[in-house]
Novice: 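Following this message is one structure expressed as structure tokens.
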Amino acid sequence: QVQLVESGGGLVQAGGSLRLSCAASALTFSNYAMGWFRQAPGKEREFVSAISWTPGNTYYTDSVKGRFTISRDNAKNTVYVQMNSLKPEDTAVYYCAAGRRFGKSAGDYLYWGQGTQVTVSS
């Protein structure tokens, strides 16, 4: 069964950094685009970043450009997002997702992780 497991969330002060990881199983990992989404209390789930099955092809939402970096290691079946210069407005549950389409919407993705909480204090 396909499983995506996020890790690396936690509590950090504004200006700090976190790196989230998402390990995938039961996937031919290199054939899937991987995305990160987040959902803050009272808000809709929003796209954060994605990386295609071909390394080097990436998308970022405007609010994280220059601060977040997505990467993948196909040999480890893992996708990462390095989050620097964190702001309180980055506080959310972060979800990783896998899909056969490289896109910016939730509908582009088939499989989802359980989410990991990121809390940024001021």
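Atom set for the values below is all heavy atoms of this structure, side chains included, hydrogens, waters and symmetry mates excluded. Worth saying up front: this structure is predicted, and the values here are computed from it rather than measured.
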Novice: Does the side chain of Met83 come within less than 4.5 Å of Asp90's, by heavy atoms?
Specialist: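 With C-beta onward as the side chain, the pair stays apart.
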Novice: To the nearest 0.5 Å, tell me how far Thr91 OG1 sits from Gln117 CD.
Specialist: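 Output value for this atom pair is 7.0 Å.
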Novice: Are Val79 and Leu110 linked, directly or through intermediate hydrophobic residues, by side-chain heavy-atom contacts shorter than 4.5 Å (ILVMFWY only)?
Specialist: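 Linked, Leu110 and Val79 end up in one cluster.
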Novice: Please table the atom pairs, donor to acceptor, closer than 3.5 Å between any side-chain atom in residues 12-37 and protein atoms at least two apart or in another chain.
Specialist:
{"unit_1": "Ser17", "atom_1": "OG", "unit_2": "Asn84", "atom_2": "OD1", "d": "2.8"}

Novice: For residues Leu86 and Tyr80: do they belong to one hydrophobic cluster (side chain heavy atoms under 4.5 Å, members Ile, Leu, Val, Met, Phe, Trp, Tyr)?
Specialist: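 Unlinked, Leu86 and Tyr80 end up in two clusters.
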Novice: Under 4.5 Å between side-chain heavy atoms, hopping through other hydrophobics if needed: is there a path connecting Val2 to Ile51?
Specialist: yes
Novice: Which heavy atom of Ala50 sits nearest to which heavy atom of Gly103, and what is that distance?
Specialist: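 Closest heavy-atom pair between Ala50 and Gly103: CB-O, 3.8 Å.
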Novice: Could you tell me whether the side chain of Glu6 and the main chain of Gln114 form a donor-acceptor pair under 3.5 Å?
Specialist: yes
Novice: Applying salt bridge (Lys or Arg N to Asp or Glu O under 4.0 Å), name anything that partners Asp108, two or more places apart in sequence or on another chain.
Specialist: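 For Asp108, the residues satisfying salt bridge (Lys or Arg N to Asp or Glu O under 4.0 Å) (neighbours in sequence not counted) are Arg101.
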Novice: Do Arg38 and Glu46 make a side-chain contact, defined as non-hydrogen atoms from C-beta onward lying under 4.5 Å apart?
Specialist: yes
Novice: Could you state the interatomic distance from NZ (Lys104) to CZ (Phe102), rounded to the nearest 0.5 Å?
Specialist: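 The NZ atom of Lys104 sits 8.5 Å away from the CZ atom of Phe102.
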Novice: Measuring from atom SG of Cys96 to atom CH2 of Trp112, what distance do you get when rounded to the nearest 0.5 angstrom?
Specialist: 9.0 Å
Novice: Assess whether salt bridge (charged side-chain N to carboxylate O under 4.0 Å, His left out) is satisfied between Lys65 and Asp62, documenting all intermediate values.
Specialist: CA-CA 5 Å; Lys65 287 180 180 177; Asp62 286 345; 3.0 Å; yes
Novice: To the nearest 0.5 Å, how far apart are CD in Glu89 and OG in Ser63?
Specialist: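 One gets 8.5 Å once the value is rounded to the nearest 0.5 Å.
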